[in-house]
Amino acid sequence: MPHAHSCPQLIQTDVRKIANFYAARLQQLCCPRPSFSLVRTVHAHMIASGFRPRGHILNRLIDLYCKSTNVTYARHLFDAIPQPDIVARTTLITAYSNSANINLARRVFDETPFFIRDTVSYNAMISAYSRNGDGCAAVELFCEMGRERLHLCPDDFTFTSVLSGLALVADDDRQCRQMHCAVVKFGTESNVSVLNALISVYMRCFSGSSAVLARQLFDGMLDKDELSWTTMITGYVRRGDLDAAQQLFDGMKEKFDVVWNAMISGYVHHGFTGEALEMFRRMYLEGVVLDEFTCTSVLSACANAGLLQHGKQVHAYIIRMDPTPEPETSLPVKNALITLYSKCGKIYEARWIFDGMCLRDLVSWNAILSGYVTLGHIGDAQRIFNVMPERNLLTWTVMISGFAHNGLGEEGLKLFNRMREEGVSPCDYAFAGAITASAGLGALEHGRQLHGQLIRYGFDSSVSAGNALLTMYARCGVVEAARCMFLTMPCADSVSWNAMIAALGQHGHGTGALDLFERMLQVEISPDRITFLTVLSACSHAGLVKEGCEYFKLMNGRYGIIPSEDHYARLIDLLGRAGKLSEAKGIIEKMPFKPGAPVWEALLAGCRIHGNMELGIQAAEELFELVPEHDGTYILLSNMYATVGRWNDAAKARKAMKDRGVKKEPGCSWIEVSRSVHVFMVDDTKHPEVPEVYGFLERLGVEMRKLGYVPDTKFVLHDVESEQKEYVLSTHSEKLAVGYGLLKLPAGATVRVLKNLRICGDCHTAIKFMSKVVDREIIVRDGKRFHHFKNGECSCGNYW
DNA sequence: ATAGGGTTAG
């Protein structure tokens, strides 16, 4: 291109020649994504040389600015035209549509006088709606075109555009058939693109007959293109009919990359990781180029199956193929890598990928956020959440359930409210998170309210929300409501079964839990590792030692689930509660791996129930070594030493703890305040004060009924009446002991509670109730929070 | 000047 100062020569020649010169320059720039600076240079050159673009040259310039994704420049040019023609207007409509600015596109369309509107401009506007997800508006505009602009004939472009919009909203095939008639009426039924779009719409309808119709159209096509095959195959994949998709795929003579990718992603989406990887292997062996779509799907498959090594191989392949990938094209691949590493527990690698990205989208942020959340790194997750440039429903949901599943129910509920305040409408997963948060707080009333709202939102058939409700009711002690949820759920999955078995087990219905487990096997829902954890617990609480040991053997023997440390811990718990302490010790010695904290905790619990001080101290010492930062062990161990009169060891334990940098002083716990009650006492059935605790609980139950007090949970009444007293005492012991201890305090005393004891749920109810029964004001401090109990009511807030 | 397929986050 000549430099600006050489232009005077050009100006002297024919103006037509100059126009041709610029038309040719602009023509050279034509491509899907022209460079903005080049377009700008040519434009500047025109201005410098005194050439004023008009007509098709101006339109072309507007188009180039639009395609270089600089709609603002295009708009400036457009605004300067006194009466822009239909071509310029259509260009601008398309540009706004491409930048997802549907309202601006519509405004340009509306400002176009009726008499100059043509089919192309309607097509552009219809397609703008379709591409931006508003299928209804696309169909509506198509109808308007037929009603009001009768001289305008819809063409093949019109039908492909409106059909792709219809595909977003059609569920029954009535509208599809109507549109099919219109296609025939306007003679576009032999156009390949229209047929492809029609097949796509029919494939998305619910009825099976529409899929058959689509297949008939497909089979009748003489000139199928790549898109026809892809549409048909992805249609089957979307319907979950992977066999039909595979059959069609196998029948293809020449397979191209897109159908390979469609098959792989279809298998990944429906959870068939093995099939996805097998397709990937075949694709590789047949020498098809593995592009970013392939890699992304395969990485996702590896992430879902936890196949870190396979995923790493793909990662290596990506680096080898494309050492300097374009930032934008490789974005989904990077996102999938973040997910791969975080799902395989490698959060540092995930973060490394994330930090190394020069361009991040919402998916990248959500991927790293959910990585932190699922690994329990709530602090990191919260930091990410706070600095995210944008958020969507998924972001909120992940963070809410992250709080809920990490014991931060209050934060979860607060965030749920904040989300709604910011105008984000919750989905069923968000409700599930909030319900789980309520469950963690023991806030039954709140949970019930959420249940009501959930129904109003129409999410009552959601499996995830149903499971959350089931668990919430169970944890708040309303087993009947949990059972009702379970029975009325339209499609209970293994999570629902596990939750219901757990609910029965936790509330003393051990045999009921085992019956339900047998029923689960009968209806052929495969038990998973969680099922066996639950079943072992149920056996443990019901004292069904023989059955528990049988199931433990069955787990690996019949179902191929290798027992994890948690399973061993449950087994030890089962034996320990039944008093078979030496047997439990024997299993610990023969375990295939080094016993960790959960195993020793289980043994310790057994020793506490049966007063086996010798073994108990041994377990506590092991625990002390493994988790020196755990305050509970420290207090327990020194108390145990004290109980058997080993005062020096008790002092040594406290000192050793202090030396390891544990800042917590013994004086912080309520034990020191009330002196007359010890945690250890509550669990030791041989301890002289235990009958007193039983008596207290029974009196409490009677008083509660007498006063007509309806507690949030059935904690005391239910548990004390059941036969599983040992279990009740060990799960609720600390909470009850706190309550018991509080009664013995001088009036108005401020109490600090053990770190692992949250003032919530059962404990909250108990103290509320007691403040009424004994007519005392009780103030409890729990971290930064304070709870003020008076006359059966409670007000809480931040302490400072 | 206008259309259509395969990718990632719970």
Side-chain angles (χ1 to χ4, degrees), chain A residues 56 59-60 62-63 66-67 84-95 97 118-128 130-131 138 155-165 167 188 191-201 225-235 237 256-266 268-269 291-300 303 329-340 342-343 361-371 373-374 392-402 405 427-430 432-433 464:
Chain A
H56 72 277
N59 286 345
R60 173 57 62 85
I62 292 174
D63 186 34
C66 288
K67 289 196 173 120
D85 65 7
I86 190 64
V87 176
R89 291 174 194 269
T90 308
T91 305
L92 209 57
I93 290 172
T94 310
S97 160
D118 60 1
T119 303
V120 180
S121 58
Y122 268 96
N123 292 350
M125 195 60 226
I126 291 171
S127 130
S130 297
R131 287 210 281 184
D155 59 8
D156 41 358
F157 280 86
T158 321
F159 283 113
T160 31
S161 301
V162 72
L163 282 167
S164 75
T188 51
N191 180 284
V192 182
S193 300
V194 174
L195 276 172
N196 289 342
L198 205 52
I199 291 171
S200 171
V201 176
D225 61 5
E226 284 197 352
L227 196 81
S228 319
W229 287 95
T230 318
T231 307
M232 203 61 217
I233 287 177
T234 54
V237 165
F256 48 96
D257 52 353
V258 177
V259 277
W260 280 103
N261 291 338
M263 285 307 298
I264 292 175
S265 74
V268 175
H269 243 112
D291 63 8
E292 49 174 311
F293 291 93
T294 326
C295 293
T296 310
S297 294
V298 171
L299 285 172
S300 168
T329 51
S330 64
L331 192 58
V333 177
K334 294 267 177 62
N335 293 342
L337 280 169
I338 296 176
T339 309
L340 169 79
S342 67
K343 277 201 181 162
D361 64 1
L362 186 53
V363 178
S364 331
W365 286 95
N366 282 342
I368 194 75
L369 178 77
S370 83
V373 162
T374 44
N392 65 0
L393 179 55
L394 191 116
T395 319
W396 291 97
T397 307
V398 167
M399 199 65 228
I400 291 166
S401 58
H405 289 285
C427 61
D428 56 338
Y429 284 97
S464 52

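Values reported hereafter were calculated over all heavy atoms of this structure, with side chains retained and with hydrogens, waters and symmetry mates removed. Chain letters run A, B, ... following the sequence lines, proteins first and then strands; every chain starts at 1. Nothing here was measured: the structure is a model prediction, and the numbers come from that model.
Residue contacts shown for Cys427(A) include a base, since a base heavy atom lies under 4.0 Å away. Across all strands shown, Thr339(A) has heavy atoms under 4.0 Å from sugar-phosphate atoms exclusively, and none from any base. Residue Asp118(A) is in base contact, counting any heavy-atom pair closer than 4.0 Å across all strands shown. When heavy atoms are screened at a 4.0 angstrom cut-off, Val398(A) is found touching the sugar-phosphate backbone but no base atom. Nucleic acid contact for Asn392(A): base, since at least one base atom lies under 4.0 Å from a heavy atom of the residue. Residue-level contact check: Asp291(A) touches the bases, meaning some heavy atom is under 4.0 Å from a base atom.
Atom CG in Leu369(A) sits about 9 Å away from atom C1' in dA9(B), given to the nearest Å. Rounded to whole Å, atom C1' of dA9(B) lies 15 Å from atom CE of Met399(A). Rounded to whole Å, the distance from NZ on Lys67(A) to P on dA1(B) is 7 Å. Counting to the nearest Å, the C1' atom of dA9(B) and the NE2 atom of His269(A) are 11 Å from each other. Between Trp396(A) atom CH2 and dG10(B) atom C1' there is a gap of 16 Å when expressed in whole angstrom units. The CG-C1' distance, from Asp156(A) to dG4(B), rounds to 12 Å in whole Å. Between Ile338(A) atom CD1 and dT7(B) atom C1' there is a gap of 14 Å when expressed in whole angstrom units. Remark: P of dA1(B) and CG of Asn123(A) are 14 Å apart, rounded to the nearest angstrom.
The base of dA3(B) has none of its N or O atoms less than 3.5 Å from a complementary donor or acceptor on the side chain of Ser161(A). If you check distances only, the side chain of Asp225(A) never reaches the base of dG5(B) with a donor-acceptor pair under 3.5 Å. Between the side chain of Thr296(A) and the base of dT8(B) there is no donor-acceptor pair of N/O atoms closer than 3.5 Å. Side-chain N/O atoms of Thr160(A) and base N/O atoms of dG4(B) include no donor-acceptor pair closer than 3.5 Å. Contact annotation: side chain of Thr91(A) to base of dA1(B), donor-acceptor pair absent below 3.5 Å.
Residue Ser297(A) has no polar side-chain atom (N or O) positioned under 4.0 Å from OP1 or OP2 of dT7(B). For dG10(B), one of the phosphate oxygens OP1 or OP2 lies less than 4.0 angstrom from a side-chain nitrogen or oxygen of Lys343(A). Look at Arg131(A) and you'll find a side-chain N or O under 4.0 angstrom from OP1 or OP2 of dA3(B).
Going from atom OG of Ser330(A) over to atom CG of Asn335(A) covers 9.0 Å, rounded to the nearest 0.5 Å. Summarising the geometry, atom CG belonging to Leu369(A) is positioned 12.0 Å from atom OG belonging to Ser364(A); distances are rounded to the nearest 0.5 Å. A distance of 10.5 Å separates CG of Leu337(A) from OG of Ser342(A), quoted to the nearest 0.5 Å.
Nearest to the side-chain atoms of Val120(A) among the listed nucleotides dA3(B), dA1(B), dG4(B) stands dA1(B). Listed nucleotides: dA3(B), dA1(B), dG6(B). Nearest to the side chain of Asp63(A): dA1(B). When distances run from any side-chain atom of Thr397(A) to the nucleotides dG10(B), dG6(B), dT2(B), the shortest one goes to dG10(B). With dA9(B), dG5(B), dA3(B) as the choices, the nucleotide that has an atom nearest any side-chain atom of Phe256(A) turns out to be dG5(B). Taking every side-chain heavy atom of Asn335(A) into account, dT8(B) is the closest of dT8(B), dA1(B), dA3(B). For Asp257(A), whose side chain is taken as the heavy atoms from C-beta onward, the closest listed nucleotide among dT8(B), dG6(B), dA9(B) is dG6(B). Picking from dG5(B), dG10(B), dT8(B) the nucleotide with the shortest atom distance to the side chain of Tyr429(A) gives dG10(B). When distances are taken from the side chain of Ser193(A) to each of dG5(B), dG4(B), dT8(B), the shortest belongs to dG4(B).
Applying the side chain to side chain contact (heavy atoms under 4.5 Å, CB included) test to Asn261(A) and every residue at least two apart in sequence or in another chain returns Met283(A), Asp291(A), Phe293(A), Thr294(A).
An aromatic stacking contact between Phe157(A) and the base of dA3(B) is absent, as defined here by ring centres under 5.5 Å apart and ring planes under 30° from parallel.
Considering Cys66(A), Pro84(A), Ser97(A) in turn, Cys66(A) is the only one that fulfils the side chain to side chain contact (heavy atoms under 4.5 Å, CB included) rule with Leu92(A).
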Show me the donor-acceptor pairs within less than 3.5 Å that the side chains of residues 156-164 of chain A make with the rest of the protein, sequence neighbours left out.
{"residue": "Asp156(A)", "atom": "OD2", "partner": "Asn191(A)", "partner atom": "ND2", "Å": "2.9"}
{"residue": "Thr158(A)", "atom": "OG1", "partner": "Asn123(A)", "partner atom": "OD1", "Å": "2.6"}
{"residue": "Thr158(A)", "atom": "OG1", "partner": "Asp155(A)", "partner atom": "N", "Å": "2.8"}
{"residue": "Thr158(A)", "atom": "OG1", "partner": "Asp155(A)", "partner atom": "O", "Å": "3.4"}
{"residue": "Thr158(A)", "atom": "OG1", "partner": "Asp155(A)", "partner atom": "OD1", "Å": "2.7"}
{"residue": "Thr160(A)", "atom": "OG1", "partner": "Asp156(A)", "partner atom": "O", "Å": "2.7"}
{"residue": "Thr160(A)", "atom": "OG1", "partner": "Phe157(A)", "partner atom": "O", "Å": "3.0"}
{"residue": "Ser161(A)", "atom": "OG", "partner": "Phe157(A)", "partner atom": "O", "Å": "2.9"}
{"residue": "Ser164(A)", "atom": "OG", "partner": "Ser161(A)", "partner atom": "O", "Å": "2.9"}

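At a threshold of 4.5 Å between non-hydrogen side-chain atoms, the residues Val298(A) and Ile264(A) count as touching.
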